[in-house]
Amino acid sequence: MPLYYFDTDVGGDRLHDEEGLDLPDVAAARDAAMGALPDMARDELGSGDRHTLTVRVRDASGTVVYSATLDLTGEWHVPQTVT
Amino acid sequence: MPDPSFFTDEPQLTPLLRKLRSITRLSARDEQAILRLPAHPRVFTAGQDLVSEGDRSTQCWLVLKGWVQRYKLLSGGRRQISAFHVAGDMADLPSLHLPVMDHSLGAVTNVMAASIPHEALRELLERHPDLNAPFWRDTLVDAAIFREWVANVGRRPAYQRLAHLFCELYLKQAAVGLAQDHRCPMPVTQVDLADATGLTSVHINRTLRDLRRDKLIDLRSKTLVIHDWTRLVEAAEFDPTYLQLDRTLAA
């Protein structure tokens, strides 16, 4: 099975994947990238109302084959004293 | 760390004694009876099932070397691992009373396991009724571990979840002499860790990076090194009570 690398960026905190994942094809890599976004987002809910998470998929040759971004945005509609 | 049994002529079933001694007290007579159980060793390669969901068991598998996992396969190749077992664990002891497997038992690494016929276990428990309590206690501790895993998978954030799993697997191995000095075998892939914690492999990769960056652990060459046990325990909110390793409390 081909190896795909998943670089991630959560609010500027980047991780260059050096492990990679064996997956059957690029469609499975796409699914893994999409699936990772809500998984990672769940851990960001405690802080702030604006989050941008990105996953970028590279194949073994280093070519970026897919990327996905999740913007998680909350907005207050009443005055807030504490954020 | 080398398997202690590799260098000695200790009886084949000694790992089971170590396991039971870690959670309960045994009389010398009962220990001898356990060591006399008929057991047939067999080697499994990584990825192979010892017993599969739907199988009807007539024996229990005692892990002698290597790691075994309990898991369920779902549609689309999704997998949930519900336990890791190490040398001394009789991972399918419940099959003595629940012979049709409702989950599978698979080899994580190459595994040496001994099959012990149900018939022989029943006979042992009839002749040595004092052994009913230790075996019952063993299955109850496993159930307590499952409860902890439900809390882990259901409610803990990824960082805490993985930290908790590492605390448990270190203590579990240390209790039977397979780990010491905050260093232990961890022969699992990121995919295994993901399937055990209900996280994606991509998130596991990030979470491992975070644990390393915070200087709590290192995971390299299938070995977990815990740099700061106290902080790892705090990060995990780990309370080892559920492992019931204080055998002085055993009935």
Side-chain angles (χ1 to χ4, degrees), chain A residues 1-49 51-60 62 64-72 74, chain B residues 46-47 73-81 108 150-165 186-224 235-237:
Chain A
M1 284 201 288
L3 199 56
Y4 293 96
Y5 296 88
F6 296 78
D7 301 330
T8 49
D9 183 333
V10 178
D13 180 11
R14 292 183 188 170
L15 173 65
H16 185 79
D17 180 14
E18 283 160 14
E19 294 273 335
L21 268 181
D22 283 317
L23 291 168
D25 51 32
V26 71
R30 175 263 175 213
D31 292 350
M34 280 297 224
L37 286 172
D39 195 26
M40 295 190 298
R42 198 174 304 118
D43 286 338
E44 303 302 316
L45 305 182
S47 59
D49 295 314
H51 303 277
T52 300
L53 304 95
T54 303
V55 179
R56 207 177 54 158
V57 186
R58 277 178 291 125
D59 65 14
V64 175
V65 293
Y66 189 81
S67 67
T69 298
L70 176 64
D71 278 315
L72 198 61
Chain B
L73 274 186
L74 308 174
S75 64
R78 287 168 301 155
R79 178 181 68 156
Q80 178 67 48
I81 295 172
V108 177
V150 170
N152 219 31
V153 169
R155 293 300 179 201
R156 291 193 182 106
Y159 189 89
Q160 202 179 27
R161 213 181 283 195
L162 205 49
H164 201 281
L165 183 67
M186 192 61 59
V188 292
T189 63
Q190 289 195 2
V191 173
D192 296 330
L193 288 174
D195 289 349
T197 54
L199 297 165
T200 58
S201 299
V202 175
H203 198 19
I204 285 285
N205 196 16
R206 269 191 86 86
T207 309
L208 279 173
R209 190 278 312 257
D210 292 346
L211 286 164
R212 284 190 181 109
R213 191 166 62 181
D214 294 343
K215 299 198 168 23
L216 295 184
I217 60 132
D218 218 335
L219 183 57
R220 206 173 290 158
S221 313
K222 308 288 179 200
T223 299
L224 174 73
E237 294 182 14

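Every value quoted in this text rests on a predicted model; they were computed, and no experiment measured them.
Within 6.0 Å of atom CZ in B:R155, 12 or fewer heavy atoms from other residues, nucleotides or ligands are found, so the atom counts as exposed in its surroundings.
The stretch residues 16-28 of chain A places A:D17, A:E19, A:L21 near chain B, each with some heavy atom under 4.5 Å from a heavy atom of that chain. Within residues 203-210 of chain B, the residues having any heavy atom under 4.5 Å from a heavy atom of chain A are, by residue number, B:H203, B:N205, B:R206, B:R209.
Looking at A:D43, the atoms closer than 4.5 Å to chain B (heavy atoms on both sides) all sit in the side chain, from C-beta outward. Heavy atoms of B:R156 lying under 4.5 Å from chain A are absent altogether.
Rounding to the nearest 0.5 Å places CG of A:D31 at 12.5 Å from OG1 of B:T200.
Nearest heavy atoms, A:A36 versus B:V202: CB-CB, 3.5 Å.
Every residue was checked against the side chain to side chain contact (heavy atoms under 4.5 Å, CB included) condition with A:P38, not counting sequence neighbours, and none meets it.
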Tell me which donor-acceptor pairs under 3.5 Å the side chains of residues 216-223 of chain B have, and how far apart each pair is, sequence neighbours excluded?
unit_1 : atom_1 : unit_2 : atom_2 : d
B:D218 : OD1    : B:R212 : NE     : 3.2
B:D218 : OD2    : B:R220 : NH2    : 3.2
B:T223 : OG1    : B:S221 : O      : 3.4

